[in-house]
Amino acid sequence: MADVTVLGAGGATVTIALSSAQVSTAAQFAVNKVNSLTALDLVDVQTQTGAGTLPALTNSLGAVVFNGTGFSGLTGDSYRLIAATGTGANAVLSGRNPATTVVVGDNANLTYANVSSNADVFIGKNNSAIVNFEGKVTASTADGTHLIASAIGTKTTVNVGVGGTLNIRDVGGLGLGATTVNALGSSTINAFATSATLPGLVNMTLKSGNVAIGLGAIPGGSGGASAIINPGAANVTIVGNVAASATLFGGTGSVAVDGVMGNFTGGSAGGNLMRTSTVSGSTTLTGGGTVGTPGDALNAQGANQTLNAGVGNTTLAAVTANGATGGSTFNVGIGISTVFGFEGGGNTVNFGDTGTSQVLGRNGATTGSANLYNDVGSGGQFTIHDFTTGLDTLSVKNAFSITFFALTDPANATGSEVTLLQVVGGGSYTFFDATPDGVQNIFNTDVKTV
């Protein structure tokens with residue numbers, strides 16, 4: 001437990017309990033600026049114990065301490081400090097000050113509406129709200145569920161304490177303003193936008209722990225919040241509605257994404273589980289694991305998505321029975337990749353440099369739309385299980401040779417009919433016949449040299 005001391009009238013003090021030592025230290029530093037003026041009788045400190053109107057100031061500057069519950073009102077332009085202690089709820093609208101300091105103790109829930117130019121807000125273990133109508137707010141929070149609402153033209157920065165829940169939303173459908181969130185550890189961050197035309201953007205910087213992020217709309221709204229996320233060492237889970245979008249840069253933890261549009265790169269810890277939005281062509285997923293880490297799983301839930309394998313083990317899939325995931329692009333890298341394409345075909349697979357890949361371009365089927373395979377690297381060992389001759393196409397950069405191995409061929413150690421395509425100075429491709437019939441599964445006419 002850490003306390004903040006406010007110097008009151010006549011040398012009296014008011015103690016405000018804050019559960020977070022980090023928040024308390026910063027709050028005390030900010031309050032000391034006011035305390036120094038109070039000691040010189042330049043600030044008139046009022047203690048409010050119930051509902052009512054603040055008394056007139058003796059001096060030109062003032063501070064108010066809510067030591068009770070139920071007060072709601074306007075502090076006035078001359079108040080420089082707003083503090084809440086005890087247990088209960090109060091609501092206050094700041095004046096149009098150059099700067100305001102707000103300290104909300106544990107269990108002292110406060111709704112603070114800001115119209116000052118620059119407000120520093122320190123929130124304890126409680127459920128408080130900040131509504132930033134104009135100006136700038138910098139807030140630090142401890143445990144609890146806190147609401148931050150902002151409008152266009154405002155600038156709001158929130159440092160979220162470990163274990164806290166932060167809900168961010170716009171004011172009356174006017175966008176989220178310029179909102180920045182810094183999460184210091186495990187926490188939950190939700191961002192909601194009312195309007196589809198003014199979704200707002202939240203910049204999030206995470207540090208460590210397990211952070212859950214939700215992006216969506218206010219109930220009854222048509223929007224979806226958007227975010228730019230730097231995950232650091234955190235393990236991040238991101239979910240959202242169909243209008244939500246985000247960009248996430250790979251950190252050193254793991255990433256789970258479900259149903260959000262945008263660009264997402266998994267963390268280097270591996271074990272990244274990411275699914276695209278159902279909106280066609282809306283999402284790019286990139287694996288982030290490294291050799292030796294748990295494998296990544298990337299799944300397309302809509303058509304025309306892009307899935308990029310990382311350097312570790314990666315499974316790329318666009319498999320549904322309703323035809324919604326056709327036209328996806330799979331980029332396999334230098335690691336070990338397994339690709340499950342849409343059953344009806346229509347996919348593009350780009351093979352990288354030195355990777356090893358197993359590909360079911362249409363999930364085992366041999367009919368449907370054409371799949372396009374491109375040899376864009378300098379080498380690698382790749383297997384295609386359901387290449388359909390006369391329909392699918394493989395493009396290579398150099399000369400190639402094709403060798404067919406029948407079931408009875410002594411050189412065939414696989415026990416299946418296979419066709420081997422060897423690109424000069426490039427990759428080696430093995431094609432397994434779907435039905436052993438004594439006929440090779442790929443011909444010179446299926447391969448294009450580019």
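Just so it is clear, the model here is predicted, and its values are computed rather than measured.
Counting all heavy atoms, side chain and backbone alike, Phe133 lies closest to Ala113 at CE1-CB, 3.7 Å. Heavy atoms only, all atoms of each residue included: Lys155 and Asn132 are closest at O-ND2, 3.5 Å. Taking all atoms of both residues into account, the shortest heavy-atom contact from Ala217 to Phe192 is O-CD2, 3.7 Å. Scanning both residues, Thr293 and Thr290, for their nearest heavy atoms gives OG1-O, 2.6 Å. Taking all atoms of both residues into account, the shortest heavy-atom contact from Leu215 to Ala225 is CB-O, 3.8 Å. Heavy-atom minimum distance, Asn35 versus Gln28: ND2-NE2, 3.9 Å.
To the nearest 0.5 Å, atoms OG1 (Thr393) and CG (Leu372) are separated by 6.0 Å. Between the CG atom of Asn190 and the CD1 atom of Ile213 there is a distance of 9.5 Å, given to the nearest 0.5 Å. With values rounded to the nearest 0.5 angstrom, Asn299 atom CG is found 11.0 Å from Phe340 atom CZ. Distance check, rounded to the nearest 0.5 Å: NZ of Lys136 to OG1 of Thr138 gives 4.5 Å. With values rounded to the nearest 0.5 angstrom, Arg80 atom CZ is found 13.0 Å from Lys33 atom NZ. With values rounded to the nearest 0.5 angstrom, Leu176 atom CG is found 7.5 Å from Ser226 atom OG.
Between Asp258 and Arg275, at least one side-chain N (NZ, or NE/NH1/NH2) sits under 4.0 Å from a carboxylate O, which counts as a salt bridge.
Within the 3.5 Å criterion, the main-chain N or O of Asn371 finds a donor-acceptor partner in the side chain of Asp392. Remark: side-chain polar atoms of Gln305 are paired, donor with acceptor, to backbone N or O of Thr283 under 3.5 angstrom. In this structure, Asp296 contributes its side chain and Thr314 its backbone to no donor-acceptor pair below 3.5 Å. When atom types are taken as modelled, the side chain of Asn118 and the backbone of Ala99 share no donor-acceptor pair closer than 3.5 angstrom. Side-chain atoms of Ser187 come within 3.5 Å of backbone N or O of Gly185 as a donor-acceptor pair. With Asn90 contributing its side chain and Phe71 its backbone, the two residues share a donor-acceptor pair below 3.5 Å. Remark: side-chain polar atoms of Ser24 are not paired, donor with acceptor, to backbone N or O of Ser20 under 3.5 angstrom. At least one donor-acceptor pair under 3.5 Å links the side chain of Arg362 to the backbone N or O of Ser369. Listed for the Asn272 side chain is no donor-acceptor partner under 3.5 Å among the backbone atoms of Ser254. Looking only at distances, a side-chain donor or acceptor of Ser128 sits under 3.5 Å from a matching main-chain atom of Leu110.
Leu81 has its side chain out of reach of Val43: every pair of non-hydrogen atoms, C-beta onward, lies at least 4.5 Å apart. Using a 4.5 Å cut-off on side-chain heavy atoms (C-beta onward), Thr278 and Val242 make contact. Residues Asn350 and Val332 fail the side-chain proximity criterion, which asks for heavy atoms closer than 4.5 Å. At least one side-chain heavy atom of Leu201 sits under 4.5 Å from a side-chain heavy atom of Ile228. Looking only at side-chain heavy atoms (C-beta outward), Asn331 and Thr306 come within less than 4.5 Å of each other. A heavy-atom distance below 4.5 Å is found between the side chains of Asn127 and Asn109. Contact annotation: the side chain of Leu307 approaches that of Thr276 to within less than 4.5 Å [non-hydrogen atoms, C-beta and beyond]. A heavy-atom distance below 4.5 Å is not found between the side chains of Gln48 and Asn67.
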Phe66 and Val92: CA distance, side-chain angles, deciding distance, side chain to side chain contact (heavy atoms under 4.5 Å, CB included) verdict: CA-CA 10 Å; Phe66 298 112; Val92 63; 4.2 Å; yes
Pair Ile238-Ile229, side chain to side chain contact (heavy atoms under 4.5 Å, CB included): steps then yes or no: CA-CA 10 Å; Ile238 307 170; Ile229 304 166; 3.7 Å; yes
Pair Asn126-Asn107, side chain to side chain donor-acceptor pair (under 3.5 Å): steps then yes or no: CA-CA 5 Å; Asn126 54 47; Asn107 303 314; over 6 Å; no
Criterion ring-ring contact (aromatic ring centres under 6.0 Å, His included) on Tyr373 and Tyr429, from CA distance to verdict: CA-CA 11 Å; Tyr373 300 95; Tyr429 295 86; 8.4 Å; no
Stepwise side chain to side chain contact (heavy atoms under 4.5 Å, CB included) check, Val4 with Leu18: CA-CA 7 Å; Val4 175; Leu18 294 177; 3.6 Å; yes
Side chain to side chain contact (heavy atoms under 4.5 Å, CB included) between Ile123 and Val23, intermediate numbers included: CA-CA 8 Å; Ile123 303 176; Val23 173; over 6 Å; no
CA sep, side-chain torsions, deciding dist, call: Asn347, Ser328, side chain to side chain donor-acceptor pair (under 3.5 Å): CA-CA 5 Å; Asn347 306 294; Ser328 292; 4.7 Å; no
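There is a side-chain donor-acceptor pair under 3.5 Å between Asn182 and Asn159. For the 3.5 Å distance criterion, the side chains of Asn308 and Thr286 qualify, holding a donor opposite an acceptor. With hydrogens and angles left out, the side-chain atoms of Asp120 and Thr101 include no donor and acceptor closer than 3.5 Å. For Ser94 and Thr75, the side-chain atoms include no donor-acceptor pair closer than 3.5 Å. Residues Asp44 and Asn59 bring no donor and acceptor atom of their side chains to less than 3.5 Å of each other.
Other residues, nucleotides and ligands contribute over 12 non-hydrogen atoms within 6.0 Å of the CD atom of Gln46.
Screening Thr348, Val359, Leu298, Leu316 against Phe330 for a side-chain contact (heavy atoms from CB on, under 4.5 Å) leaves a single residue, Leu316.
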